[in-house]
Trainee: 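I have a structure I would like to understand better, so I am pasting it below and will then ask my questions one at a time.
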Protein chains: 2
Amino acid sequence: MSRTPHHPTREQIELPMVLDCLSDPIRLAIVYQLAQQERVSSELRCSDFSALSGKSNLAYHFAKLRDCGLMRTRVAGTNRFMRLRREDLEARFPGLLDAVLGSAAKDADRLPLVSGCELVEVDRK
Amino acid sequence: MSRTPHHPTREQIELPMVLDCLSDPIRLAIVYQLAQQERVSSELRCSDFSALSGKSNLAYHFAKLRDCGLMRTRVAGTNRFMRLRREDLEARFPGLLDAVLGSAAKDADRLPLVSGCELVEVDRK
DNA sequence: TCGATAGTTCAATAAACGTTGAACATAAGG
DNA sequence: CCTTATGTTCAACGTTTATTGAACTATCGA
């Protein structure tokens, strides 16, 4: 297992890959919830999304989200903490992320969202 | 051949489908050029994009762009005129199209664009 | 009416995608 | 050390995707 997962540099972030990544309902939901969480702690564990799908499937989606530059993974013990690469995305494609998030918010009822309550804990180590 | 191709209603436009549609470089280029053309005439013929790919492949991409609600096709003789569904998209997902177009403009050099000159003619019938 | 023009439709292909479960790796807690 | 918890990796699968060429439809112009 590589110590730190691969992340593209800011300049390597490609528009088609970002849009393709966001076009999957599960990944869009992940990004959406990550954005919601930003107001509180900016980071979430993989297991926080376990309601969306199985572990291995989530790992697959997380890898895609990393590969396209949408989020960054920080390894801490057995946990992986993920957060949006907001600044990189804003620098690369100004206004895009917020437009997508706003659109997702309008259609939040069509997204496979996690229940909600348990997403607000901030106990970090 | 059905007289008028199928188009979704405004409310039927889905965010994941739109993002998926825009994630293909050829389709993104089509939408981008359609947007560029808006300043002049708002419509382009299928054959105006023949530099991007073959006829049948373009028909495939046009169908996807219609099905997801990004553009509308008007049949006129043997020609099909396409235009962006700007108002519908703006009503459904405010700011999204412009954010994507702005991002595409920033990376225009990475898009498979048509040469350019021949896109400015406005001779309609 | 005949031929050229503009697009669509269909079948075939190869590649990519999303999903699953089993096996694996790593770190934390007793 | 052993067990548990967190995630990753891998192989397998069925599905969807983009692309091609050939056949087809429909319209326009001579």
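Throughout, protein chains are lettered first and strands after them, A, B, ... in sequence-line order, and every chain is numbered starting at 1. Only a predicted model underlies this, so the values are computations on that prediction, with no experimental measurement involved.
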Trainee: Using only atom types and a distance under 3.5 Å, with no angle test, would you say the side chain of A/D24 pairs donor to acceptor with the backbone of A/R27?
Mentor: yes
Trainee: I need the single residue from B/L97, B/I13, B/T9 that forms a side chain to side chain contact (heavy atoms under 4.5 Å, CB included) with B/D88. Which is it?
Mentor: B/I13
Trainee: Just by modelled atom types, is the B/R45 backbone N or O under 3.5 Å from a matching donor or acceptor in the B/D48 side chain?
Mentor: yes
Trainee: In whole angstrom, give the distance that lies between atom CG of A/L44 and atom C1' of D/dG7.
Mentor: 16 Å
Trainee: Among the nucleotides D/dA18, C/dG7, C/dA6, which one has an atom lying closest to any side-chain atom of B/D24?
Mentor: D/dA18
Trainee: As a test of reading the structure: which of D/dG7, C/dG7, C/dA27 is closest to the side chain of A/T78, going by heavy atoms?
Mentor: C/dA27
Trainee: Check the distance between D/dT9's C1' and A/F62's CZ and give it to me in whole angstrom.
Mentor: 16 Å
Trainee: With respect to the phosphate group of C/dC17, does any side-chain polar atom (N or O) of A/H61 fall under 4.0 Å of OP1 or OP2?
Mentor: no
Trainee: Reckon A/T73 has a side-chain N or O less than 4.0 Å from the OP1 or OP2 of D/dG7?
Mentor: no
Trainee: Where the side chain of B/K64 is concerned, which of D/dT17, C/dG7, D/dT8 is the nearest nucleotide?
Mentor: D/dT17
Trainee: Can a side chain N or O of B/S56 be found less than 4.0 Å away from OP1 or OP2 on D/dT19?
Mentor: no
Trainee: For A/K106 and B/F93, indicate whether the former's side chain and the latter's backbone hold a donor-acceptor pair under 3.5 Å.
Mentor: no
Trainee: Counting heavy atoms from C-beta on, name the nucleotide in D/dT19, C/dA6, C/dT20 closest to the side chain of A/N57.
Mentor: C/dT20
Trainee: Check each of A/Q37, A/R80, A/R74 against A/E43 using the side chain to side chain contact (heavy atoms under 4.5 Å, CB included) test, and report the only one that passes.
Mentor: A/R74
Trainee: Contact class for B/G77 vs. all strands (heavy atom < 4.0 Å): base, sugar-phosphate, or nothing?
Mentor: sugar-phosphate
Trainee: Does B/S53 make a side-chain N or O approach to OP1 or OP2 of D/dT19 shorter than 4.0 Å?
Mentor: no
Trainee: Less than 4.0 angstrom between a side-chain N/O of B/K55 and OP1 or OP2 of C/dT9, yes or no?
Mentor: no
Trainee: Would you indicate, yes or no, if C/dG18 has its OP1 or OP2 atom less than 4.0 angstrom from a side-chain nitrogen or oxygen of A/R27?
Mentor: yes
Trainee: Categorize A/I26 for me: base, sugar-phosphate, or nothing, with a 4.0 angstrom heavy-atom threshold over every strand shown.
Mentor: sugar-phosphate
Trainee: Is any side-chain nitrogen or oxygen of B/N79 closer than 4.0 Å to OP1 or OP2 of D/dT27?
Mentor: no
Trainee: Can you measure B/L52 atom CG to D/dT20 atom P for me and round it to whole angstrom units?
Mentor: 12 Å
Trainee: A/L58 has an atom CG; how far is it from atom C1' of D/dG7, in whole Å?
Mentor: 10 Å
